Amino acid sequence: MSEFQSVRGFHDLFGEDLKKFRHVSNLIREKLKLYNFEEIVIPVLEYLEVFQRSIGEATDIVQKEMFAFQDRKGRWIALRPEGTAGVVRAYVQNRLYALKPYAKLFYEGPMFRHERPQAGRYRQFHQIGAEVFGPLDPLVDAEMIQLVYEILSELNIKATIEVNSIGCKSCRPAYREALSLYLNALERRLCEVCLDRKGRNPLRVLDCKVPTCKEAVKDAPKMLDFLCKECGEHHFKLKEYLNTLSIPYRENPNLVRGLDYYTKTVFEAVSADMNITLIAGGRYDYLVEEMGGPPTPAVGFAVGLERLSMLFKEHVREEPLYMVVPFGDVLDYALFIAKVLRSEGKRVELSYRRGSLKKQLELANRLGVRYAVLVGEEEKAGGFYTLKDMETGEQLRVEFSPSL
RNA sequence: GAGAGCGUAGCUCAGCUGGCAGAGCAGUGGACUGUGGAUCCACGGGUCGCGGGUUCGACUCCCGUCGCUCUCCCCA
């Protein structure tokens, strides 16, 4: 073991893993551009209040998972545990609502949560997130879910999309009340954590994984039965749109998110192979206003890049690699050939090893070279190079104009 | 926050009820200075995670510690 080690939960990303990561990231970014999202780059650090206000003081993320510390003037700063809070802060601070009738933004970058690392979970991990500010139309919710669906299909990752509505300011209180009553009645059957959650945020009891809780909650009142007219219609139309788009989804009345800002639509894409959420999001119609902006409904989602990369099993194809193999006193000519090939847009490695052609071809093989460009005395004298296809073994004499 | 497993060569791992530290792959060199991918030969490489204890003797047993992995919780 080396003397110095990266911080627990913080990993180096390179090689094949990185190739996959970039592939996944690029695919999502391209997809977002097709839907006309514009990128926003926001800081990794925010004042702690930004997260406390938006994510919610009582949430696990804020209570125990943040990397927070004081700066030299004693102000509390935190590494962002998610992206929405910062985007909303930026949206309000820069008055982006004044630029266009609505805004579609996406971000990408590292997030930090002080959790116990495990498969697909790191203390520094990466998300791409998308947010739409302005429209209240369920069409937008549907499009967000469509995006999620297309991302997963194109990466060939099997997942179930779950959808629910958790209501709004006018209908959720009544439901909360009803749920509390119900939970109080069966207190003894709940796990310890849920007994605690029951008072603070009874909705979270619904997605507790403890079997007895699951059982206890089976006949609990459903939010869907309490939705006000507006929320009910919103939810109904969303499902209609999803059907129109032929997007398979599962309605999960117990789907609740761990962040406080959600309203109406919430959704999650859960891996079919592992018990982890890959992409999650929902509507948050009050958050912009709570952060000091004008009343602005919004929807968003976030993609866990490591999680998707981990489940992405296909081989990432690369540009074929050329290696210029000089042998004999021809280094000047080899440099020249490499320059020519690169000017043609090819990915070129100039062999850094001297020695027999045999040795060099061995090296080329080890480096995964697709085409060896053989350059010897003959080639130099004749003004050509010999192109060897390392897969088929075929060789080709290539002349080129000496105009360069 | 709760629980389990694992730390031996660059990598994957073997090493029994304590007794000289091992293999495969990778690396380097070589009959071969114009032809590679599983031909052959040789070579290098180790604080057995770290600290303590038991013992004549510890990679092996015990305690502690650090790290990694995994499960639950939570979450992307």
Side-chain angles (χ1 to χ4, degrees), chain A residues 1-9 11 15 24 28 55 59-66 80-84 108-129 148 151 159 191-194 196-197 204 207-211 213 256-259 267-271 274-281 300-311 323 325-330 351 353-380 386-395:
Chain A
M1 195 186 300
S2 58
E3 181 180 3
F4 294 109
Q5 265 183 291
S6 61
V7 175
R8 181 166 165 80
H11 294 289
V24 168
I28 296 169
I55 300 168
T59 57
D60 288 314
I61 294 180
V62 167
Q63 287 210 322
K64 47 187 192 194
E65 296 176 1
M66 272 204 288
R80 62 183 181 196
E82 57 105 54
T84 302
E108 169 170 18
M111 305 294 163
F112 306 85
R113 292 187 197 171
H114 197 278
E115 299 178 275
R116 197 100 157 216
Q118 75 189 54
R121 193 168 69 191
Y122 313 95
R123 288 185 175 179
Q124 175 176 334
F125 60 101
H126 296 77
Q127 289 187 334
I128 294 184
V148 166
I151 289 168
C191 72
E192 254 175 69
V193 190
C194 282
D196 181 47
R197 275 201 282 241
R204 306 254 334 118
D207 67 349
C208 182
K209 308 295 188 299
V210 178
C213 289
V256 175
R257 309 295 343 288
L259 294 75
F267 56 91
E268 238 177 64
V270 183
S271 166
M274 296 176 74
N275 181 27
I276 53 173
T277 300
L278 305 174
I279 306 178
F301 67 79
V303 180
L305 288 177
E306 281 85 357
R307 290 185 175 186
L308 287 193
S309 315
M310 179 176 63
L311 291 165
M323 187 164 95
V325 178
F327 49 104
D329 185 22
V330 294
S351 173
R353 177 183 294 184
R354 301 297 147 63
S356 65
L357 184 56
K358 182 187 174 77
K359 278 277 184 266
Q360 302 219 49
L361 285 173
E362 266 174 31
L363 176 73
N365 212 41
R366 287 281 307 142
L367 293 178
V369 168
R370 178 63 208 272
Y371 299 105
V373 177
L374 310 186
V375 176
E377 306 282 359
E378 265 179 55
E379 280 82 357
K380 181 177 176 180
T386 302
L387 185 70
K388 181 184 177 75
D389 184 324
M390 296 295 284
E391 276 172 29
T392 63
E394 279 169 36
Q395 290 190 186

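All values below come from the heavy atoms of this structure, side chains included, with hydrogens, waters and symmetry mates left out. The sequence lines fix the lettering, A, B, ..., with proteins before strands; numbering per chain opens at 1. Every value quoted in this text rests on a predicted model; they were computed, and no experiment measured them.
- Within 4.0 Å (heavy atoms only), Gly328(A) reaches no atom of the nucleic acid at all.
- A heavy-atom distance below 4.5 Å is not found between the side chains of Met323(A) and Val373(A).
- The nearest whole Å value for the distance from the CG atom in Leu363(A) to the C1' atom in rU35(B) is 14 Å.
- Taking atom C1' in both rC70(B) and rG30(B), the straight-line distance is 47 Å, to the nearest Å.
- Side chain of Glu306(A) to backbone of Tyr122(A): no donor-acceptor contact under 3.5 angstrom is found.
- Counting to the nearest Å, the P atom of rC74(B) and the CE atom of Met66(A) are 18 Å from each other.
- Using a 4.0 Å heavy-atom cutoff across all strands shown, His11(A) reaches sugar-phosphate atoms only and no base atom.
- Closest contact between the side chain of Arg353(A) and the listed nucleotides rU28(B), rU35(B), rG1(B) involves rU28(B).
- Within 4.0 Å of Glu378(A), counting heavy atoms only, lies at least one base atom of the nucleic acid.
- Salt bridge Arg370(A)/Glu391(A): present, at least one basic N to carboxylate O contact under 4.0 Å.
- The P atoms of rU69(B) and rU33(B) are separated by 48 Å, rounded to the nearest whole Å.
- Remark: the backbone N or O of Arg353(A) is paired with a side-chain donor or acceptor of Ser351(A) at under 3.5 angstrom.
- The shortest distance between side-chain heavy atoms of Glu108(A) and Leu305(A) falls below 4.5 Å.
- Side-chain N/O atoms of Lys358(A) include one lying less than 4.0 angstrom from OP1 or OP2 on rG36(B).
- In this structure, Asn365(A) and Phe327(A) both approach RNA chain B, and ranking their closest nucleotides by distance from the 5' end singles out Phe327(A).
- The separation of rG5(B) from rG45(B), taken at their P atoms, amounts to 37 Å, rounded to a whole angstrom.
- For the pair Asp329(A) CG and rG34(B) P, the interatomic distance rounds to 13 Å; values are reported in whole Å.
- Here the nucleotide nearest the side chain of Arg307(A), chosen from rG27(B), rC75(B), rG36(B), is rC75(B).
- Pairing of rG64(B), defined by two Watson-Crick or G-U wobble distances under 3.5 Å, is identified with rC50(B).
- Arg80(A) pairs with exactly one of Met66(A), Gln127(A), Met111(A) by the side chain to side chain contact (heavy atoms under 4.5 Å, CB included) rule, that one being Met111(A).
- Remark: the Lys388(A) side chain and the rU35(B) base include a donor-acceptor N/O pair separated by less than 3.5 Å.
- Positionally, the nearest nucleotide of RNA chain B for Val7(A) lies more toward the 5' end than for the other of Val7(A) and Glu306(A).
- Across all strands, Gly129(A) comes closer than 4.0 Å to no nucleic acid atom at all (heavy-atom distances).
- In this structure, Asn275(A) atom CG and rU71(B) atom P are separated by 9 Å, rounded to whole Å.
- The side chain of Gln118(A) lies closest to rC72(B), out of rG30(B), rC72(B), rG34(B).
- Looking at heavy-atom distances under 4.0 Å, Leu374(A) makes contact with a base.
- No side-chain donor from either of Gln395(A) and Thr386(A) sits under 3.5 Å from a side-chain acceptor of the other.
- Across the P atoms, rG44(B) and rU55(B) are found 39 Å apart, a figure rounded to whole Å.
- At a cut-off of 3.5 angstrom, the base of rU35(B) holds no donor-acceptor pair with the side chain of Gln360(A).
- For the C1' atoms, the distance linking rU28(B) with rG10(B) amounts to 13 Å, nearest Å.
- Salt-bridge formation is detected for the pair Arg121(A)/Glu115(A): a Lys NZ or Arg NE/NH1/NH2 atom is positioned less than 4.0 Å from an Asp or Glu carboxylate oxygen.
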* Step by step, would you call Val375(A) with Val325(A) a side-chain contact (heavy atoms from CB on, under 4.5 Å)? -> CA-CA 6 Å; Val375(A) 176; Val325(A) 178; over 6 Å; no
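- Remark: P of rA26(B) and CD of Glu362(A) are 11 Å apart, rounded to the nearest angstrom.
- Comparing rG34(B), rG36(B), rG30(B) against the side chain of Lys359(A) picks out rG30(B) as the nearest.
- Side chain of Glu379(A), nearest nucleotide from rG34(B), rC72(B), rG37(B): rG34(B).
- Residue Lys380(A) contributes atom NZ, which lies 16 Å from atom P of rG34(B) at whole-angstrom precision.
- Distances were taken from every side-chain heavy atom of Arg116(A) (C-beta onward) to each of rU35(B), rC74(B), rG3(B); the shortest belongs to rG3(B).
- To the nearest angstrom, P of rC75(B) lies 9 Å from CD of Glu268(A).
- For Asp389(A) and rU35(B), the CG to P distance is 18 Å, given to the nearest whole Å.
- Across all strands shown, Phe112(A) has no heavy atoms under 4.0 Å from either base or sugar-phosphate atoms.
- Contact annotation for Ile279(A): backbone-only contact, meaning every heavy-atom pair under 4.0 Å involves sugar-phosphate atoms and none involves a base.
- A distance of about 26 Å separates the P atoms of rG3(B) and rU60(B), rounded to the whole Å.
- Remark: rA2(B) base-pairs with rU71(B). Criterion, Watson-Crick or G-U wobble with two distances under 3.5 Å.
- Look at rC43(B): its Watson-Crick or wobble partner, with both distances under 3.5 angstrom, is rG27(B).
- Taking atom P in both rC63(B) and rC25(B), one finds a spacing of 39 Å when rounded to whole Å.
- Spacing between rG46(B) and rC13(B) at atom C1', rounded to whole Å, works out to 15 Å.
- Below the 3.5 angstrom threshold, one finds a donor paired with an acceptor across the side chain of Arg121(A) and the base of rC74(B).
- Distance from the side chain of Arg366(A) is smallest to rG27(B) among rC75(B), rG27(B), rC72(B).
- If you check every strand for non-hydrogen atoms under 4.0 Å, Ala364(A) touches nothing.
- Using a 4.0 Å heavy-atom distance criterion, Glu391(A) is classed as a base contact.
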